[in-house]
K.L.:
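Here it is, the structure, as structure tokens.
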Amino acid sequence: MSAIQHAAGLLDGVRRRRPRVHCLMNGVVPKFVADGLSALGAIPSMTSSPEEVGHFVAKADALLVNLGTLDAQCREAIGIAVDVAAKQGRPWTLDPSHCDYSPPRAAFAQDLLTRGPAVLRANAAEFDLLSVPAGVVAVRTGRQDRIAYNGSAFSVVNGHPLTALVTGTGCLSGAVIAAFLAIEPDPYLAACAAMLAFGVAAEMAGTAAAGPGSFEPALLDALANLEGAHILSFAKADHEQG
Ligand SMILES: Nc1ncnc2c1ncn2[C@@H]1O[C@H](COP(=O)(O)OP(=O)(O)O)[C@@H](O)[C@H]1O
Ligand SMILES: Cc1ncsc1CCOP(=O)(O)O
Ligand SMILES: [Mg+2]
């Protein structure tokens, strides 16, 4: 089965299984990210208090760690969350948001990469600063999204330029990866499926939107209305074998 066919099936799996995704999200876009996960068919939770986060992660099917508005309490919560994820075998995605602005944040992100994330999702500037250890699926987003693991790579060229004009779309793409990780044990296939689903939904939203203001709700609608058949019909993606 191709990665595209597999993605279509996994989308149905997300709708059937409604995975719980716990997000340690930045303070800028938590509502958009939670709405996007709900639209896709997952169940978001966003608590970040150090005394509670471990309980939430233990009950979640996957975790997203986003560094966008990192502070001392976030660092503490992230440490607890990734320990619980490791102990309970919960897959997690790292979004090293804005680590290119801040050497301490880049160092923190680099350290987190040694603590067992299944997937790194970053924009080009963030991605190019980090070195991705073996065993972590590397997703570099932009006009083209490239998913790389162990010598293989998959590129998705779906999407719409308005995505780049709406704050939080990268954060939401990381959350969508976490939702697919929750139901697909192979993190490379999960990340390929997530970027296909997100890219095709963004393309559908782009045709319905007049600008960034209407693109944002259109993207939520497209995630909710996305079907496996849309992925099969509209996917623009290629494998590179290493
Ligand atoms: N020029 C573009 N054309 C189409 N899609 C884009 C473009 N730039 C970014 N995207 C999409 O926007 C989303 C966020 O990617 P990116 O802008 O790289 O991350 P971030 O928002 O974290 O900076 C991804 O789904 C990516 O595919
Ligand atoms: C603007 C901003 N500042 C800190 S986090 C954040 C949101 C970033 O969202 P995205 O990278 O998904 O556009
Ligand atoms: Mg980002």
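Since the structure is predicted, the reported quantities are computational estimates derived from the model, not experimental observations. Remember, it's 1-based here, ligands and their atoms both numbered in the order they're listed. Residue indices begin at 1 and follow the sequence shown.
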K.L.:
In a simple table, one pair per line, please give the protein and ligand 2 atom names for every N or O pair closer than 3.5 Å, along with the distance.
P.N.:
residue  : atom   : partner : partner atom : Å
ligand 2 : 9 (O)  : G168    : N            : 3.4
ligand 2 : 12 (O) : G168    : N            : 3.3
ligand 2 : 12 (O) : G170    : N            : 3.0
ligand 2 : 12 (O) : C171    : N            : 2.8
ligand 2 : 13 (O) : G168    : N            : 3.0

K.L.:
When you measure from the side chain of R15 to the backbone of A42, do you find a donor-acceptor pair of N or O atoms at a distance under 3.5 Å?
P.N.:
no
K.L.:
Could you tell me whether a side-chain N or O of T207 sits under 3.5 Å from a main-chain N or O of M204, the two making a donor and an acceptor?
P.N.:
yes
K.L.:
Once side-chain contact (heavy atoms from CB on, under 4.5 Å) is applied, do any residues pair with A125, and if so which ones, sequence neighbours excluded?
P.N.:
D100, N123
K.L.:
Measure from the side-chain N and O atoms of E184 to the backbone N and O of L10, and report whether any donor-acceptor pair falls under 3.5 Å.
P.N.:
no
K.L.:
Looking only at atom types and distance, does a side-chain atom of D61 sit under 3.5 Å from a main-chain N or O of R20, one as donor and one as acceptor?
P.N.:
yes
K.L.:
Begin from the C-alpha positions of H98 and L67 and carry the test side chain to side chain contact (heavy atoms under 4.5 Å, CB included) through to its verdict.
P.N.:
CA-CA 7 Å; H98 291 177; L67 306 187; over 6 Å; no
K.L.:
Hey, which of T93, T141, D145, N66 is the one that makes side chain to side chain donor-acceptor pair (under 3.5 Å) with R121?
P.N.:
T141
K.L.:
With distance as the sole test, does R90 use its side chain to make a donor-acceptor pair with the main-chain N or O of Q88 at under 3.5 Å?
P.N.:
yes
K.L.:
Suppose we screen for ring-ring contact (aromatic ring centres under 6.0 Å, His included). Which residues come up paired with F154, at least two apart in sequence or across chains?
P.N.:
H239
K.L.:
Can you list, by chain and residue number, every protein residue with a non-hydrogen atom closer than 4.0 Å to ligand 1?
P.N.:
R121, N123, T141, G142, R143, D145, H160, P161, T163, A164, T169, G170, F198
